[in-house]
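Data first, discussion second: the structure below is written as structure tokens.
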Amino acid sequence: MKFSDGYWLPREGVTAAHPAEVLDVTESDDGALEIHAPTRPVRGRGDLMTGPVMTIRAHTPMPDVIGLTLTHLTGGHPREPAFDLTATPPGPASDPSHRLSLVSLDDEHATLTSGALCVRVARSGPWHVEFLAHGRPLTSSGPRGMGIMRDSDTGGHYLREQLDLGVGTAVYGLGERFGPLVRNGQSVDIWNADGGTSTEQAYKNVPFYLTDAGYGVFVDHPGKVSFEVGSETVSKVQFSAETQELTYYVIHGPTPKEILRRYTALTGRPALPPTWSFGLWLSTSFTTSYDEETVTSFIEGMRERELPLSVFHFDCFWMREHHWCDFRWDPRVFPDPEGMLARLKAKGLRVSVWINPYIAQRSPLFAEGRALGHLLRRPDGSVWQTDMWQPGMALVDFTSPAAREWYASKLEALLVQGVDCFKTDFGERVPLDVEWSDGSDPERMHNYYSYLYHRTVFDVLRKHRGEGEAVLFARSATAGGQQFPVHWGGDCEATYASMAESLRGGLSLGLSGFGFWSHDIGGFEGTPTPALFKRWLAFGLLSSHSRLHGSSSYRVPWLFDTESVDVLRHFTRLKLRLMPYLYEAARVAHEEGVPVMRAMVLEFPADPGCAHLERQYMLGPDLLVAPVFSDGGDVAYYVPEGAWTHYLTGRTVTGPRWTRERHGFLGLPLLVRPGAVLPVGAHADRPDYPHADGVTLRTYGLERGAQVTVRVGDVTFTVVREGDTLRASASEPSAPWALAAGDRVAWAEAGTGFLTLDTVEAD
């Protein structure tokens, strides 16, 4: 939201009050600073009697993270919900050595330090707040930055902050956004919407941004937060919310990976999805006609063509029309759901079904939910309803524990039948003219609803399938929603432009703390051309998760052309052989918060050539992927420093430089980072095999004296180059292993306590 009319004037109807100077500072028992700042200079006692005073509390939830809480009036009721944050417990007040923060007060400054990060507030002269790391300035807020903003036209009362943006600093994140990856120059409202992938609206809004200047910022407000990223004042990032109190955290890195590690330690890290979920998912598509015979024909068609399939997904019409959701198989189409699910399981498949948090009026659950008080109500006590999407539909009130249990019980019946996971669609269109059962503020619940929805579904899966076996295919999200993977990109079109915007959205989401992401291969709206479908197959199978899905047309490859079958087989087998590598990247996402699909800036923050790259990415730490966005196969991509190796051909490309290539449908730029040791699996028919069983370690450009550690499941390999030979050992005895250097493969025999492999000549 913009408040100014150019640099000098406020927008018509807007008045502003900014902290002018520090009146006093006190240190609390928990090591926080409380600062009182009048909004007019204090020249005499008369200046102490009028005008608003801002209270600013500086505090720390964990090392290298500092929060500022800005408060104007405190007499209102507490507003819920609030993000569930994880803080490091402080030590006893009586023992300062165990505190998370260190406070320093002198005549010039009040300083709070946490780890290498500190916030310094000027106690003399004009208002100024500065964040520093190791003594180096990161960002600051000056005399006209922080403020109380009132809009007489709307009656709105906003708190605003402006943080300086250094020259050349790039800003990323703010959720899954489909425009340019670098947010500079953009206006962004954190407000979930069902808007597709081609506008400024987003399904997954996250009030967190990351910079390449050593810090990130998380605004701890679950409702609407408006960001002006160099778009109102071009040298500042501005954020504001309609509230009396607003907290934001500055998170020190210094690297983008470290920023993500600390941000996800604060807001939650992703669960580790089950291994089988990384295989290929095939959907019925949305409005297509299907029954068990159709489903079986797809599955048999995949088997006959030797196309490995892991999950079959039933989209909306597994339930009867106008009954979404009643969680009952349409008896006209699926008269024997238990038998059908058993037959699918006998083929080695997992099963996913589509759900949403809405209850149509014709669903028998509508009357049940209304009688039990589980449906969202208007202020007059009536059930909130709309005809948009489903006739007379209502929303489940997930603020009620009883409503959550009721909804979960309906899903439990499906799990008993044999369903393995759920596509949790929707959750963005949440109204404001309502009363939540727990008294939550409607504006704050709009985005947060997605968190409660997905937590409810994920918890029931975890309860009935066990830890490590729960997985969703979710569309909506906000901060903290990364704990419930996987998320997919929503309704994209069957065009190259939409394929590119989907990639931008996924990279942006990864820079917002989400570890796992997918998209509809071939595009959702419309039917892709055979060429587009084949290009999207390569991109889709080199993503965290891979799903064939469309709107009004099927996505089985033989309906496009014969070559599509070959392309799908090629890239599915490629992904399955890469599972030892990919699942280790998944473990890192789970334990550290670093995503599987990574924007180039995340791996190469010191390379200015990577700052704006949005048509290529790193898949894990060592594979560079550049999808092809043209029928003819022409592609331009950037290669960072070093001699990179094309995984599919063995050809090398030395960077830093841009390069142009042309690829057929069975290829694309897939390059291995110099110095990498890539574990390649022995199986190409499924993702859930013992990844260390028969694994091959491929080395790429190891320098003399280099030592690389590679984890594959429970086994840790160490590869060392000694002169012109390579040696590898494993952390525990196991079956024979293979080691490859270039095209030369060595076999090994198990020893006792570790594995000694034959040495092979290094390239």
Side-chain angles (χ1 to χ4, degrees), residues 503 531 534-543 546 563 566-582 584-585 596-600 603-604 607 609-610 613-681 684 695-703 706 708 710 719 721 726 738-745 760-763:
L503 174 57
K534 286 176 280 194
R535 296 300 184 193
W536 209 317
L537 283 172
F539 168 40
L541 270 301
L542 290 170
S543 299
S546 310
E563 190 178 29
D566 298 333
V567 172
L568 178 58
R569 183 189 305 111
H570 174 70
F571 283 104
T572 302
R573 289 179 172 179
L574 171 63
K575 183 177 186 181
L576 298 180
R577 287 201 181 275
L578 288 174
M579 277 302 299
Y581 169 79
L582 293 175
E584 174 60 12
V596 174
M597 296 176 67
R598 307 173 183 180
M600 297 295 293
E603 283 293 332
F604 303 97
D607 185 343
C610 291
L613 296 179
E614 57 186 25
R615 295 194 302 274
Q616 63 185 78
Y617 58 94
M618 297 296 293
L619 184 63
D622 294 325
L623 287 177
L624 187 158
V625 183
V628 179
F629 297 100
S630 67
D631 288 359
D634 294 311
V635 58
Y637 63 96
Y638 177 77
V639 182
E641 184 177 2
W644 293 67
T645 305
H646 278 270
Y647 181 83
L648 297 174
T649 67
R651 187 171 62 86
T652 59
V653 181
T654 301
R657 71 182 179 97
W658 280 89
T659 185
R660 293 182 178 273
E661 297 172 357
R662 175 170 290 184
H663 288 264
F665 291 114
L666 291 173
L668 83 168
L670 175 62
L671 279 68
V672 187
R673 192 173 188 164
V677 176
L678 204 66
V680 180
V695 69
T696 297
L697 303 180
R698 296 186 180 179
T699 66
Y700 293 85
L702 262 65
E703 297 181 354
V708 179
V710 178
V719 179
R721 177 167 179 175
L726 292 171
L739 174 69
D743 293 328
R744 291 175 291 281
V745 179
V760 296
E761 183 181 352
D763 290 336

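Note that the structure is a prediction, hence the values are computed from the model and not measured.
Checking side-chain atoms of Arg577 against main-chain N and O of Gly681 turns up a donor-acceptor pair under 3.5 Å. Of the possible donor and acceptor atoms, one in the side chain of His570 sits under 3.5 Å from a partner among the backbone N and O of Leu666. Put simply, the side chain of Thr645 never gets that close to the backbone of Tyr647: no donor and acceptor are under 3.5 Å apart. A distance-only check finds a donor-acceptor pair linking the side chain of Gln616 to the backbone of Tyr638 [under 3.5 Å]. Panel note: side chain Ser543, backbone Ser546; no donor-acceptor pair is recorded below 3.5 Å. Proximity of a side-chain donor or acceptor of Arg673 to a complementary backbone N or O of Trp644 within less than 3.5 Å is not detected.
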Handout entry: side-chain contact (heavy atoms from CB on, under 4.5 Å) between Val710 and Leu678, worked out
Key = CA-CA 8 Å; Val710 178; Leu678 204 66; over 6 Å; no
Exercise for the section: Starting from the C-alpha separation in whole Å, work towards a yes-or-no answer on side-chain contact (heavy atoms from CB on, under 4.5 Å) for His646 and Val653. Expected result: CA-CA 8 Å; His646 278 270; Val653 181; 3.5 Å; yes
Practice task
Kindly determine whether Arg657 and Thr659 satisfy side-chain contact (heavy atoms from CB on, under 4.5 Å), including the steps that lead there.
Solution key: CA-CA 6 Å; Arg657 71 182 179 97; Thr659 185; 3.7 Å; yes
Practice task
List the steps and the verdict of salt bridge (Lys or Arg N to Asp or Glu O under 4.0 Å) for Glu703 and Arg721.
Solution key: CA-CA 7 Å; Glu703 297 181 354; Arg721 177 167 179 175; over 6 Å; no
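Here the closest heavy-atom approach between residue Val628 and residue Gly633 is recorded as CG1-CA, 3.6 Å. The minimum heavy-atom distance linking Lys534 with Val567 is given by the pair O-CG1, 3.8 Å. Gly667 and Leu648 get closest at one heavy-atom pair: CA-CD1, 4.1 Å.
Scanning for ring pair (Phe, Tyr, Trp, His ring centres under 6.0 Å) contacts around Tyr637 gives an empty result, with sequence neighbours left out.
Looking at heavy atoms from C-beta onward, Pro674 lies out of side-chain contact with Glu641 at the 4.5 angstrom threshold. In this structure the side chain of Thr699 reaches within 4.5 angstrom of the side chain of Val719, judged on heavy atoms. A 4.5 Å side-chain heavy-atom check between Glu563 and Phe665 finds at least one atom pair inside the cut-off. A heavy-atom distance below 4.5 Å is found between the side chains of Tyr617 and Leu542. Here the side chains of Leu668 and Val625 are in contact, with some heavy-atom distance below 4.5 Å. Using a 4.5 Å cut-off on side-chain heavy atoms (C-beta onward), Leu582 and Lys575 make contact. With contacts defined as side-chain heavy-atom distances shorter than 4.5 Å, the pair Pro627/Arg615 does not qualify. Counting only heavy atoms from C-beta outward, the side chains of Val635 and Pro669 approach each other to under 4.5 Å.
Side chains of Tyr700 and Asp622: a donor-acceptor N/O pair is absent below 3.5 angstrom, by distance only.
Between Asp634 and the options Arg660, His663, Arg662, a side chain to side chain donor-acceptor pair (under 3.5 Å) holds for only Arg662. With Tyr581 as the fixed residue, the side-chain contact (heavy atoms from CB on, under 4.5 Å) test singles out one of Val677, Leu623, Val695, Val680: Leu623.
Rounding to the nearest 0.5 Å gives a distance of 6.0 Å between CG of Leu702 and CG of Leu726. Residue Leu574 holds its CG atom at 8.0 Å from CG of Leu541, rounded to the nearest 0.5 Å. For the atom pair Glu603 CD and Cys610 SG, the distance stands at 10.0 Å (nearest 0.5 Å). To the nearest 0.5 Å, the span separating CG on Asp631 from CZ on Arg535 amounts to 7.5 Å. In this structure, Leu537 CG and Thr572 OG1 are separated by 7.5 Å, a value rounded to the nearest 0.5 Å.
Salt-bridge annotation for Arg651 and Glu661: present, with a side-chain N of the basic residue lying under 4.0 Å from a carboxylate O of the acidic one.
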